[in-house]
Protein chains: 2
Amino acid sequence: MQKPADGRKRVVIESVEPEIDAGRYPIKRIIGDAVRVEADAFADGHDHVAARLLFRFDGVPEWASVPMVPLGNDRWRAEFPVSRIGEYLYTVAGWIDHFDTWRSDLEKRIAAGQDIRVDLLNGALLVEQAAERAGQDDSDDLRRWAAQVRAVDDVAAAQTAALDFALASLMAQYLDPAMETRYERELRVTVDREKARYSAWYEMFPRSTGPEPGRHGTFRDCEARLDYIARLGFDVLYLPPIHPIGSAFRKGKNNSTTAEPGEMGSPWAIGAREGGHTAIHAELGTLDDFHHLLRAAAGKGIELAIDIAFQCSPDHPWVTQHPAWFKHRADGTIQYAENPPKKYQDIYPLDFESSDWQGLWDALRDVFLSWIERGVRIFRVDNPHTKAFPFWEWCIAEIKRDHPDALFLAEAFTRPRVMQRLAKLGFSQSYTYFTWRNTKQELTEYFTELTRTRVLEYMRPNLWPNTPDILHETLQIGGRPAFISRIVLAATLGPNYGIYGPAYELLENKPLRPGSEEYLNSEKYEIRDWDLNAPQSIAGVIATINRARHENPALHANHDLFFHPADNPYLIAYSKASADGGNHVLTVVNLDFFHTQSGWVTLDLDRLELRPEESFQVFDQLTGARYLWQGPRNYIELSPQRIPAHIFRVLRKVRSEKDFDYYQ
Amino acid sequence: MQKPADGRKRVVIESVEPEIDAGRYPIKRIIGDAVRVEADAFADGHDHVAARLLFRFDGVPEWASVPMVPLGNDRWRAEFPVSRIGEYLYTVAGWIDHFDTWRSDLEKRIAAGQDIRVDLLNGALLVEQAAERAGQDDSDDLRRWAAQVRAVDDVAAAQTAALDFALASLMAQYLDPAMETRYERELRVTVDREKARYSAWYEMFPRSTGPEPGRHGTFRDCEARLDYIARLGFDVLYLPPIHPIGSAFRKGKNNSTTAEPGEMGSPWAIGAREGGHTAIHAELGTLDDFHHLLRAAAGKGIELAIDIAFQCSPDHPWVTQHPAWFKHRADGTIQYAENPPKKYQDIYPLDFESSDWQGLWDALRDVFLSWIERGVRIFRVDNPHTKAFPFWEWCIAEIKRDHPDALFLAEAFTRPRVMQRLAKLGFSQSYTYFTWRNTKQELTEYFTELTRTRVLEYMRPNLWPNTPDILHETLQIGGRPAFISRIVLAATLGPNYGIYGPAYELLENKPLRPGSEEYLNSEKYEIRDWDLNAPQSIAGVIATINRARHENPALHANHDLFFHPADNPYLIAYSKASADGGNHVLTVVNLDFFHTQSGWVTLDLDRLELRPEESFQVFDQLTGARYLWQGPRNYIELSPQRIPAHIFRVLRKVRSEKDFDYYQ
């Protein structure tokens, strides 16, 4: 075996966290975050070790560094701020700190009354060696210090100089770079803008925004809906595909295999004679109209997200222009989508094993780029798990290189490893199993997995209580209480969440047939006429929920989600804190949509930064009610007939009810 | 971002286990083991995936492979045998299995009564492509199959051919190598001979083996002790350093700083005019005597281990020959060992930051090689944690390259990360904290950490209830019951264990002073006269314990150590099984050395491969007692006055007491 280049590097750096798959993938943060890094750093023997966290923005050649602090048991910690969107790199370096070792030994010798003259000379030598490494100013300083330590004729004075903190802190800056051990990998952080971690989505079919029943909605009609969406408190408006819809094998109402004349088909059957993924469906308006909508939305604090579904109707221009991008059957026809024995003749999947895979990749990337050029920065990607993984890694990196503000939501409902992989490869947000997690145990286990494992570092859940494809049984049977409970859960368990409206706020709950999760008369295949002023609308409750999110920074992240035990299995309680600890929110939800449930919640007071002897106020952000509590055990009673949830802001340092507003 | 070389490789291989620090270090196994490997393997979409485990002996260029079996949730498993000592490599490969996907779709189409003629043609194409990749014979075979599948005029016959298992298994051999995804790392296994994992050590000072009180023992005297050691059942005889002892600053009895004339000093003060680490202390005998002892021991099934302590007395030849290998103080003197304010002037540490570190490394390696040349293969390495880590990695690899049967026991009593690091770097066995783990909770937690985490893959504990440096309080106060309990724990919790004798079997328990862990009148500094026939000797019990180990393969490994709950905090119960499941041992120990303790043990019957309705026999390997038990809850009563432990062999399929020996 070869000897290493320098066998005298005695420090070991191991187990750096966070690290995803040996550094193969970046962790994710948002701008303004502090990235906390821990590592094991140690050496043989008893010499003291110094460790530093190194970091730099990708492209900046020099590392910045910050000293790491020992936590005990050879574990060290430090953090660095990320102040730009893009990629940062970090790693850890360690040294034997000979001076610190010497200094600490010297103190012990002095305490034992030993003769320290030779030791002082040893130390002076260390200071002189550091002087060689230092810049001019510090070098002179260090030489002066060395002379004082070396002057052992006056041992007391030399000792005082030797132990001076100013010398110690100067010496800490000049550890010998030749003896540095660098962790063997450089790890990466993808830093996104804030919306990557905190966003509220509203999905809406433009086709159903027309001013009168049955008339196809336009981008202009969507504009008229913006005030309503802003009042509800959403900040992302997500539109299903806005491209020309194919006519070959077009689907009719309720997914019937033949469309009647005049039926408009599914917007996911992308592509017609007029164009494909970069064209706009003529009935929605022009590119100018689209731009107008984009700007109008921005003016109301709403960002547009579009749907990118990489599949083609048989009428898509690519089918004839690029036959190599599609799989061909033995009879020469193009392979349509299948899930045998089911056939989806209206859709041609793209063939990622195409001999022209490079041309295909370029074309798909260019679809994103064309919409970025038109001002879009948020993409909800349809079924990314049916496209090759290497494509996504390359495509997202390509786009983010020049447009680091671009965000990608992965709509993958599939097995956990696949969903996690897509997040690792660069997707900014991910759909989840939330829709199918309904009981207290299901929710607790799933969100513990999402927030207490490494998954938290790279996967940002976006929680949807419904989508145009999923009307879950809870909503079909649970009525208004179910709709409110589920949106409270989504909005408080997920800093990112969304609803498909107006179906949601209007409590639309009719399935295609019993046992189905498809909506009856789904907007995917027809125009729906929604009465936004219908009496059952929970728009007001939703606006209140979104206001609570807005006003409570604790709900903008998920790093410390904690479930507090409740003695009633229908009551689920959990809290979050803001990064600065200044805001704590405790949410309690009744998961029984039919009966009032009550019980005792046992709070972990440490999590809420409360002391057992102190009373505190919980202030319900949904109803405005306030309660004065003390200690861990507190009573909860939630009626589905009223509001089946509390979103409590926890206010500490409340001495008595005289602190309440109404006393003032 | 660059596109990958071939973006069509769609399979992902992740989370391969076992893997230590991203493959930086090997796992450890012994010859004859099966190495079980798991990995996540999956792809986009719905295509079937095939995964294979690849493995090869280091130096053999071709990979062997074995198909992996899906465990669900994208996890796969396979194992490979290691039949040679040395290093093996392993990794994982994955493919889209187009034929298997097609075959499974075909079955669904047939079940749905669809026209499958075009599908059959698609499949024939896949078979023809495989024929291109196959060797001549299989290629012809595959072409014949393809022709049959292609003959769709007789759909029934073509279908029968298409679904033939013979075709499927042939196709599985010809996955397209161009589309293979290989896991990005090749992982390593160090394969040792069996003694690396299963050994019983007896440490003995040759100086105290003389035939009459006060006379310095010799290698010849050690030979006379071999029968005794063999009767006790130990298979490794470990001798403290056998080199010339320095006279400068020689330690006297009980570690006094000045030796009286005639005192012999510590064997760890290595080196004198006569020589250093490759020389033999004259009073022990000659090199021939050493060889004679080595051979005589081997004849009795005992392997000699020697102590390698890399430190020098001031009289060591290296001090004058290689001054650069030692640190110098500012006054020109050589730096002696220190732990300020304590000074150890009789020892000079080696300086691993020496400018001549390369020369030093070579010399230290040559110490091992010289003893290997003399026939030694087991080295107990003294304080490896005070020597630079990179040295150990290089040195052990250097030696094992030519002598893969060499074994190294790391005597590092220090912080966990440091001990783990030494194991990762190549030490075959490691001292542990066992000596200081005495209560049920301490033992359970510690051995759960050692056997239920990744540590199990690279660190082989060697458990010592005592050493010449450590007479733990439990032994000082607990008397005979403590000595028996602790050795039962060591011998059953650790496939590797050892004692320092004859101090142990003679129940030597006097500390240097109250509160000290040092022995009074330690053999480290003087000759001790042991009466092996003293009435208190527990040699017979130890022989029984070692026989129980020998006869029960369950006690030769630690992979499935499991703690069964007992309702009495002084009773600890745990079981192990042999790799083939043919041998189960349940050990129960009373940790109270003063009182009889009784209680109920609740067995996890699954772990013991027992059914709740079946009775079973437990056969005490220490006393020969047998009990008939049924179900999980069983009564235990252990008296420290008799034998404070059970080592039960669990015998299944016992129908009644008529199966007992005494009925036959």
Could you look at [X] and say if it's the side chain, the backbone, both or neither that has a heavy atom under 4.5 Å from chain B?
{"X": "A/D40", "value": "side chain"}
{"X": "A/Q114", "value": "side chain"}
{"X": "A/E19", "value": "neither"}
{"X": "A/T414", "value": "neither"}
{"X": "A/K9", "value": "backbone"}
{"X": "A/R401", "value": "side chain"}
{"X": "A/A43", "value": "backbone"}
{"X": "A/P341", "value": "both"}
{"X": "A/R24", "value": "side chain"}
{"X": "A/N339", "value": "neither"}
{"X": "A/I96", "value": "side chain"}
{"X": "A/W357", "value": "side chain"}

For chain A, which of [options] has the most heavy-atom pairs under 4.5 Å?
{"options": "B/M179, B/R421, B/R415", "result": "B/R421"}
{"options": "B/L125, B/D119, B/D105, B/V11", "result": "B/D105"}
{"options": "B/D47, B/V118, B/I110", "result": "B/V118"}
{"options": "B/T386, B/N383, B/D74, B/L121", "result": "B/D74"}
{"options": "B/A22, B/A112, B/A388", "result": "B/A388"}

Taking 4.0 angstrom as the limit, do [X] and [Y] come out as a salt bridge?
{"X": "B/D58", "Y": "B/R188", "result": "no"}
{"X": "B/E17", "Y": "B/R454", "result": "yes"}
{"X": "A/R117", "Y": "B/D331", "result": "no"}
{"X": "B/E338", "Y": "A/R109", "result": "yes"}

Worksheet entry | Residues forming a side chain to side chain donor-acceptor pair (under 3.5 Å) with A/K424, sequence neighbours excluded | A/D21, B/E14

Can you tell which of [options] has the highest number of heavy-atom pairs within less than 4.5 Å of chain B?
{"options": "A/A397, A/G7, A/A412, A/C395", "answer": "A/G7"}
{"options": "A/N73, A/D44, A/D6, A/N122", "answer": "A/D44"}
{"options": "A/Q2, A/H328, A/H98, A/R75", "answer": "A/H98"}

Work out which heavy atom in [X] is nearest to a heavy atom in [Y]; give both atom names and the distance.
{"X": "A/T91", "Y": "A/Y183", "value": "OG1-CB, 3.4 Å"}
{"X": "B/E128", "Y": "B/A146", "value": "CG-CB, 3.5 Å"}
{"X": "A/R8", "Y": "B/E353", "value": "CD-O, 3.4 Å"}
{"X": "A/Y336", "Y": "A/P349", "value": "C-CD, 3.7 Å"}
{"X": "B/W394", "Y": "B/R365", "value": "CZ2-NH1, 3.8 Å"}
{"X": "B/V152", "Y": "B/A158", "value": "CA-CB, 4.4 Å"}

Response to the item:
Residue set satisfying salt bridge (charged side-chain N to carboxylate O under 4.0 Å, His left out) with B/D100, at least two apart, ordered chain then number -> none

Can you tell which part of [X] gets under 4.5 Å to a heavy atom of chain A, answering side chain, backbone, both or neither?
{"X": "B/R185", "value": "side chain"}
{"X": "B/T333", "value": "neither"}
{"X": "B/K3", "value": "both"}
{"X": "B/Q358", "value": "both"}
{"X": "B/D351", "value": "neither"}

Discussion item. If you take the centroid of each ring, where Trp contributes its six-membered ring, are B/Y458 and B/F427 closer together than 6.0 Å?
Written reply: no

Discussion item. By the definition ring-ring contact (aromatic ring centres under 6.0 Å, His included), identify the one residue from A/W325, A/F326, A/F391 that meets it with A/F352.
Written reply: A/F391

Item to complete: Dump the intermediate steps for salt bridge (charged side-chain N to carboxylate O under 4.0 Å, His left out) on A/R182 and A/E180, then the final yes or no.
Response: CA-CA 6 Å; A/R182 187 72 66 88; A/E180 175 193 306; 2.5 Å; yes

